[in-house]
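Worth knowing before you read on, the calculation uses all heavy atoms, side chains too, and leaves out hydrogens, waters and symmetry mates. Reminder, nothing fancy here: chain letters follow the sequence lines and each chain counts from 1.
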Amino acid sequence: MDNKAGDKQVKPKVPNEIGLIKADYRGRPSTLCQGCGHNSISSQIVAALYELSIPPERIIKMSGIGCSSKSPTYILSRSFGFNSLHGRMPTVTTGAVMVNHSLKAIGISGDGDTASIGFSHFKNVVRRNVPMVYIVENNGVYGLTKGQFSATADKGLELKGVGVNPFMPIDICMEALISGAGFVARSFAGDPHQVKELLKAAIHFQGTAVLDIISPCVTFDNREGSSKSYRWGRSRKEPLHDITWVPRREEIQVELQPGEVLDVAMHDGSHIKFKKLAHDYDPTDRMSALKLLEESCNRGVLVTGLLYINEETPPLDETENLVDLPLVQLSEDALRPSKETLDAFIERYR
Amino acid sequence: MDNKAGDKQVKPKVPNEIGLIKADYRGRPSTLCQGCGHNSISSQIVAALYELSIPPERIIKMSGIGCSSKSPTYILSRSFGFNSLHGRMPTVTTGAVMVNHSLKAIGISGDGDTASIGFSHFKNVVRRNVPMVYIVENNGVYGLTKGQFSATADKGLELKGVGVNPFMPIDICMEALISGAGFVARSFAGDPHQVKELLKAAIHFQGTAVLDIISPCVTFDNREGSSKSYRWGRSRKEPLHDITWVPRREEIQVELQPGEVLDVAMHDGSHIKFKKLAHDYDPTDRMSALKLLEESCNRGVLVTGLLYINEETPPLDETENLVDLPLVQLSEDALRPSKETLDAFIERYR
Amino acid sequence: MNKKAAEKEVQATDAAQEKIVNDFSMVIATVNGSGSQTANLALIRAVFRMGVPVSGKNLFPSNIKGMPTYFTVRANKDGFTARREKMEILIGMNPETFDEDLNDLVEGGVCFYPDQFKVPGTRDDVIFYPVPVKQIIKEQNPPRKLVNYMRNMVYVGVVSEMLGIEIREIRKALETHFKGREKSIELNMQIVDASALWASENLVKADKYVVERDHQTEGMIMLDGNTAGALGTIFGGVSFVAWYPITPGSSLAEALQSNLPRLRKDEKTGKQTYAIIQAEDELAAIGMIVGAGWAGARAMTTTSGPGLALMAEFAGLAYYTEIPIVIWDVQRMGPSTGLPTRTSQGDILFTRFLGHGDTQQIMLIPGNIEECFEFGWRSFDIAERLQAPIYVLSDLDLGMNLWMSKPFDYPDQPMDRGKVLTAEDLDKIDEFARYRDVDGDGIPYRTLPGTDHPKAAYFLRGSGHNEQALYSERPEDYEANLERLGLKYETAREYMPKPVIKETDGATIGMIAYGSVDPAVNEALSRLAAQGVKIDYLRIRAVPFTDEVYEFIHKYDRIYVVEMNTQGQMHMLLRLDVPDQATKLIPLTHNNGLPMSAHWVTEAVLELEGGNDGQ
Amino acid sequence: MNKKAAEKEVQATDAAQEKIVNDFSMVIATVNGSGSQTANLALIRAVFRMGVPVSGKNLFPSNIKGMPTYFTVRANKDGFTARREKMEILIGMNPETFDEDLNDLVEGGVCFYPDQFKVPGTRDDVIFYPVPVKQIIKEQNPPRKLVNYMRNMVYVGVVSEMLGIEIREIRKALETHFKGREKSIELNMQIVDASALWASENLVKADKYVVERDHQTEGMIMLDGNTAGALGTIFGGVSFVAWYPITPGSSLAEALQSNLPRLRKDEKTGKQTYAIIQAEDELAAIGMIVGAGWAGARAMTTTSGPGLALMAEFAGLAYYTEIPIVIWDVQRMGPSTGLPTRTSQGDILFTRFLGHGDTQQIMLIPGNIEECFEFGWRSFDIAERLQAPIYVLSDLDLGMNLWMSKPFDYPDQPMDRGKVLTAEDLDKIDEFARYRDVDGDGIPYRTLPGTDHPKAAYFLRGSGHNEQALYSERPEDYEANLERLGLKYETAREYMPKPVIKETDGATIGMIAYGSVDPAVNEALSRLAAQGVKIDYLRIRAVPFTDEVYEFIHKYDRIYVVEMNTQGQMHMLLRLDVPDQATKLIPLTHNNGLPMSAHWVTEAVLELEGGNDGQ
Ligand SMILES: Cc1ncc(C[n+]2csc(CCOP(=O)(O)OP(=O)(O)O)c2C)c(N)n1
Ligand SMILES: Cc1ncc(C[n+]2csc(CCOP(=O)(O)OP(=O)(O)O)c2C)c(N)n1
Ligand code: SF4
Ligand code: SF4
Ligand SMILES: [Mg+2]
Ligand SMILES: [Mg+2]
């Protein structure tokens, strides 16, 4: 991994800006299979938060049910977490962040969790623009229940004991785009650097940031020819750009040739820098993103990167016009109107 | 209504090809509000089936819960019907047509039924390409529960006692397209001719045919400025083409100037003729359909017509490789293997 | 009866002179969507403000327009407000149902009707007042688009005149209704006045029913239980509401939607101290409140049977992970979609066992609108105290009909936020274990997400966990946890509202009921007492039961359990708890979508005890 | 114990000479995902084919790889196959749990283990056989990617040699397993043979446990209940399956997925006479089968607790609209997500009342794999006869573990398709009314969509309907319908499988149990009898109960109700039905995720009756 400008590499034992070392961001030992893509993603979440110096107490880890949904256990022991019901992570997250918008929610889901049983919640959380990072650890199968096809499995894929999948896969990114997502990225668990930079940007996005990360299931679907395998990811990966998230105050230090870089400013003053790679791609145009996805599906390649960014839609807490103090911190005074108010109000029912 | 070629107008009292008069296709008297868009759609379903000479016994009327979902009561008294649960019509229809693929299912749903509680089922029925006509009577509100916003309500719309809708509407057609639908149409309850021709084509489509029909709710949202009102529909409607469904044997009679007409053949030998109107539109290109929808939303117009047609994906009964006889007609012999088979089979567990 | 024809008859019938004061059911039969609500509310409000006890019930179809709808005003000097099976006064405005509607009039009853209707020959024991609705409207010539709606004001005027409902109270009622919008008030009053005048000039009173001023409702309020519940919720400090529309649960959410902005905006900024979200379905609605409850908010949803069914999985999660939330189930007729606009008490058993695998849910059951208000706030205290989902089981009759009440009492205690450990608390203890029973009451301590302390965090899950909330499949851990949950259920009894008991001297029979059947039971008991059948009455207000319930059961030879469902659901729950008394409990169930009537209860008891009811 | 050291000791201990034949529990402790399944199956199959009664239980974590997993082979000459709390033989292959695993060995027990493990000093009452697993593997040098997996074959060889399990039966078992794939068989046998040889040369038998050929399993088969259920379903003529993956319900669907193509393809065309769809969630799964059942197919789904919870709304619809469907609930530990890989009987109450508003659901409860097969087909007959959803309540222990059985009986009656009217039938009658009780048994007639007759059609709805299936909000219609449904529930009793009763002379105590606790109860009863406690036993196989159940209860002074849940759920259902006997019913519940043991049942009874169990 080359050390890029803005890629704030910190040595694990060195305290970050808030005095925590990397271990303070770790979770319990993983009980997932060795080599599972989900484990790589967990590592990058740990790394990103450590490097961003975010206090773990400000994070809530949210998930549904599945191997992927177990992964919050393996990160951030000092953060609160909620391993909810299969498919329902978006709903509990909505409730939690609405009553405490000072928390940053990281939702971790699987393709079964998100694209089947929880599909409608996924679409709605995006539509409402609930402030959260929404990670789909996409392996095309139901890992935890032992290898059935998920809705993102390739058409024609054959799995042992399951048969051939006759249906077209659901494209999580397309779905997010159609539902009005302002941050839509696709990445690959085998590309830790990109995953980490995308995570950093996602965490600083004010609404729902969707990350569809191809995360191979080594036990049930890492076979030659599967678009969710390591081999496919490594050989067919086409990064759209080299992406870097840059904190506000570091902006000055970034030196890149003009013309080669697209810079998108975020609401909190940080920036995302897109360094041009093979083709020219404008991540602020929704239709191009859709077209790109359609095309890359036809070409059988894995385009990765930040497909679309647009911070115009207000996050749900703003839409709902909430007071600044998190609702859970309001005192009884603010929550319960006075006796006089009751007595006066009740008059209308005389 | 002008009498177009292929628009098989039959006088209501005149028996159709199977000897039924229009009344044989009617249902019970409507108990919906006078002027409700749903009633106009019902009339066109009756007219289309009558004109197509389809035996009512071959039709099943399927619905969820809502004013729209009540409408199957008001058509086709001689057809079986299933008024199921809120949002679940696609699921019961899937089961019914898989076990009896000799039946033609007409599903009638509302925007609440389809785009909220039943969203995931809608997406999945389309993805599986269950052979059925899927009609969404789209009024932007929950009629039956008295006027709350549905997920297709305009952003910024204000309704009495409900407030202002802060969210972007879900576009049923876009959703259907993304999910792989091969027949996606949008129409307007105030355009009976188009509705009827689309219905005829939809009934002859072999997979899931999605019709998103704007159907004003005169009681809760027919107000100036609402994109679901009659006024909006009438003034902002932009038909893509003049569409006509032509049965196989009538093909010869259709006489239209070449160049002005696009002809799409269907698997059963019937045809759809698209007569060019204002612009050139190719209903066989998915990306154009998406672009068109995005654009028409931005322009604030209601494009109507058959947005997309593609009959390549096999319907679910084919995908599942079912025997020709409907499963419900199989005899005990076919359903229960013999005693010898059991005894032999059980050997493997010794 | 027109004036001329009547005058003679009047002299003939002395009976007509025996007045019946403040005691009748008046049914207004209209067509759904015909805009009769304003008229009906004006009538009931006027009677109410004349000091006469009333209740108002809307019997409406699951439909928006065009189907038969009935609004019943029951006025009763003794304060009985239950549904009656018969009526004394019919305002028959629906031609479709007119003939049938007449059947339910008592002998000597009264019928007002538009004069173009043809009166069938079936009821010569009834007094008919034809009203020239069309003609009056024509003469008054209201704006065209209001014509249909104004027809309702005609009967307001005529009926008021004939029964003695004061026109100035009608005016005041309209002033309330239109919130002072002068033009609307005047337009309506013009019709009312003209109609009253017509009646005074053309009709002769031939019936016995009159309204006379009284003082029984002084200081009282009148509203529906869902609004009361919403207000209670607001004064309970709700800060998060997620819901999905469903009759009859919706109107509670809608009352929140309209009243929260009035009562709970931050004064300085005008921003909201609450969030209310219309979810994509009921699964999402409960999911959201589970998230909010976990994060420390007072969170609630409101639904009805079908929605409750969809919440079953989350109900199990909330129970097992011990998250405080409040779920209002405004019951409607089941099973399945059932009759969405009819009432029932059919969700008791389903709620009690909601969620697979050994759940024990807690229910509060309000019996009147005061309790809707009270349980509105108290449910949060209980939920947070017990760290458990609390189900408030109301029903359509209570929730959507109009009831009198004394003004609601302000909460008599500060909010109980339960066992929450702050960062400071954590400093003082060695170890925090989310699911440890520190106090021996089965209720563990919790911390709220965001608590800024290295010991604070835990990972919540619906699967196996030990005291530290760590994943565990150890049989011992599981058993210990389930045992603690059982203990917590016992502890819960302490926090449950106690039953309301009404004792009579010398009763050997008991009756148990709950919820909206209360008025019918009260009325029935007084009728039964008049027949010499003395019964003591206990009204359950919560499940699990408190000791008083068991004690009550032990005291009597037999106990009738009255409820509006098919299986006798509360009866079953009672039986389970007192096996040695099981045979003493006799189910009296009635379940047809209509609110319980005193007549039915009385008859049912008399059939078993001997005797019969007059009605 | 190596040969040299042992030889002397052997002579010293005479005890070692007292053989214990065909009576032990052998636990193989491995790591999840280590591929021990082939080895374990080879061992159990070999013992089974030597004629010795066995059962095989897999205790596995909710995880794919790396966590502790246990496979238990219980061999018992008396045919007892329940879980034991202790084991006689441990094959300790998991270093993480090795020390702890030793605790559960009986005195004089045996432990095989890889010689690199360190034996803790805790168990000097146990005989240890260190096995040089690494070395044997190294010498045999299997293909590299199979090394880990082959380690399991080492213990197969060693243990077989030491216990007297015939190596040729091991070979045959592997032949079955690998379906004749020679290369695999040889590769595995190479390790087995080498290991057996090593054992014979290096180990001296110091323990008492041996397997000897017997004839008790002749003609029998061995499989898991989910496969048995799937086969029953197939022979029941299932034509539509919709499901959503969930442990432990999945493997039933997967057994359908693999066996339907073998048994139910159309011979001529090779096309399917069935459809099986993996739905998007459980709501869709049940929705699909409801549609299919309505259309006339034999339709089913399979799930477990959380999935069942999601099906609640549709369960109410199917109940109320009277659609025949079959729902398998393979129960797992609850509440909530619970322990997905542990067993329980916790869904009894939830299922009985599934759906809001007065539902009465019907359950079949298989107690062994023969009944899984039988209820597999019979459930369809019952569902179509009663026009009702039928819930087959199995559990993880029954469904996913290995059980012996005699070969399944072919259905003894043709399919009962229930009251279906064809076009010809319709010609003969005046009127068809979908919900009319023509026969007085509460079961109406139905027509199937597509029936080509003008009278055939009706419109099905979950809301109010009259006999003609027309929408109705009339109280009379609703009541009549609910009453008929109540009658139908009574009729259902006739079609329920009767309980299985086992009587002893002179017993005054009764015991009631159901489902997979049957083996534990049977074994406990024989132990209790040995202690002089005579108990008669009734095993429930369905809800609603048949008369035999009530009669049984009346006969005894007290009746223990044994079940694996927390609240005593069946006990509660029984209590409700026999209020006058309620106090006689004593719940004995145990619910920690592990299958019931005879020891627990025995102890629980003895604690109440006096005496104690040896184990
Ligand atoms: C209501 C419900 N249905 C089914 C399950 C069983 N289940 C657990 S995880 C899972 C699928 C997980 O797939 P995915 O989300 O893709 O996660 P992965 O294991 O592949 O990471 C299923 C079906 C459940 N826990 N709850
Ligand atoms: C599970 C469940 N939740 C809620 C309802 C209440 N409900 C009935 S119809 C309806 C909305 C109908 O809206 P839509 O589908 O748009 O139909 P419309 O009435 O507008 O035609 C709702 C929420 C229900 N019947 N079932
Ligand atoms: S089964 Fe697949 S998804 Fe689950 S932990 Fe193993 S590799 Fe990962
Ligand atoms: S409320 Fe609206 S949708 Fe319902 S019937 Fe009336 S007009 Fe139609
Ligand atoms: Mg997956
Ligand atoms: Mg609608």
Side-chain angles (χ1 to χ4, degrees), chain B residues 28 55-58 60-62 65 72-73 76-85 87-100 102-103 120-121 123-124 128 316-317 320-324 326-330 332 334-339 341-343 345-350, chain D residues 49 176 220-223 227 231 234-237 239-240 242 262-264 266 269 271-275 277 279-281 283-284 286-299 313-314 317 407-408 410-411 414-415 448-454 456-463 471:
Chain B
R28 306 185 68 80
E57 286 76 13
R58 306 313 312 154
I60 50 176
K61 316 173 286 186
M62 311 298 285
I65 304 277
T73 317
L76 301 168
S77 280
R78 280 174 55 173
S79 302
F80 278 76
F82 195 140
N83 186 188
S84 66
L85 295 178
R88 316 294 171 204
M89 179 274 282
T91 68
V92 288
T93 308
T94 301
V97 300
M98 287 307 283
V99 301
N100 193 342
S102 75
L103 300 175
S120 158
H121 307 311
K123 298 278 283 185
N124 273 289
R128 296 196 183 98
L316 186 60
D317 51 331
E320 291 279 315
N321 194 26
L322 300 187
V323 289
D324 296 343
L327 298 183
V328 294
Q329 288 170 24
L330 296 176
E332 180 153 346
L335 292 174
R336 172 174 284 172
S338 69
K339 176 161 175 18
T341 310
L342 174 64
D343 293 343
F345 196 82
I346 223 72
E347 282 302 313
R348 67 179 65 198
Y349 303 107
R350 297 246 186 231
Chain D
R49 288 176 181 171
T176 304
M220 296 189 89
I221 54 178
M222 185 171 60
L223 62 159
T227 301
L231 292 177
I234 294 173
F235 282 84
S239 54
F240 188 80
R262 296 178 182 141
L263 290 162
R264 287 276 301 282
D266 181 59
T269 58
K271 288 187 171 183
Q272 301 186 173
T273 64
Y274 60 88
I277 294 183
E280 58 270 32
D281 57 21
L283 292 102
I286 187 170
M288 290 178 190
I289 68 168
V290 162
W294 169 69
R298 297 198 142 187
E313 195 193 6
F314 258 119
L317 180 80
F408 302 140
Y410 193 72
M415 288 182 190
L448 304 185
T451 304
D452 199 2
H453 195 286
Y458 67 95
F459 191 61
L460 181 128
R461 44 166 66 83
S463 48
Y471 185 72

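The nearest pair of heavy atoms linking D:Thr273 to B:Ala334 is OG1-O, 4.1 Å. Here the shortest heavy-atom pairing between D:Ala275 and B:Leu327 reads N-CD1, 3.9 Å. The nearest pair of heavy atoms linking B:Pro337 to D:Leu263 is CG-O, 3.7 Å.
In this structure, chain D has heavy atoms under 4.5 Å from both the backbone and the side chain of B:Ser120. Of the atoms belonging to D:Leu231, it is side-chain heavy atoms, and not backbone ones, that fall under 4.5 Å from chain B. Both the backbone and the side chain of D:Met415 come within contact range of chain B, judged by heavy atoms closer than 4.5 Å. Contacts between D:Tyr274 and chain B at a heavy-atom distance below 4.5 Å involve the backbone alone (N, CA, C, O). Neither the backbone nor the side chain of B:Met89 comes within less than 4.5 Å of any heavy atom of chain D. Residue contact with chain B, scored on non-hydrogen atoms closer than 4.5 Å, is absent for D:Ala299. In this structure, chain D has a heavy atom under 4.5 Å from the side chain of B:Asn100, while its backbone stays farther away. In this structure, chain D has a heavy atom under 4.5 Å from the side chain of B:Leu316, while its backbone stays farther away. With a 4.5 Å cut-off on non-hydrogen atoms, D:Ala284 touches chain B through its backbone and its side chain both. Within the 4.5 angstrom heavy-atom criterion, only backbone atoms of B:Ser77 (N, CA, C, O) approach chain D. Both the backbone and the side chain of B:Leu342 have a heavy atom closer than 4.5 Å to some heavy atom of chain D.
Heavy-atom contacts from other residues, nucleotides or ligands closer than 6.0 Å to CZ of B:Arg28 number 12 or fewer.
Between B:Phe80 and D:Tyr458 there is a side-chain heavy-atom pair separated by less than 4.5 Å. Contact annotation: the side chain of B:Leu335 approaches that of D:Arg264 to within less than 4.5 Å [non-hydrogen atoms, C-beta and beyond].
We find the CE-CD1 distance between B:Met98 and D:Ile289 to be 15.0 Å, quoted to the nearest 0.5 Å.
Looking only at heavy-atom pairs under 4.5 Å with chain B, the residue among D:Gly296, D:Ala297, D:Ser239, D:Gly450 that has the most is D:Gly450.
Proximity of a side-chain donor or acceptor of D:Arg461 to a complementary backbone N or O of B:Phe82 within less than 3.5 Å is not detected. Side-chain atoms of B:Arg336 come within 3.5 Å of backbone atoms of D:Phe235 as a donor-acceptor pair (strictly under, hydrogens ignored). Judged by distance alone, the side chain of D:Arg49 and the main-chain N or O of B:Arg350 form a donor-acceptor pair under 3.5 Å.
Residues B:His121 and D:Glu280 bring a donor and an acceptor atom of their side chains to less than 3.5 Å of each other.
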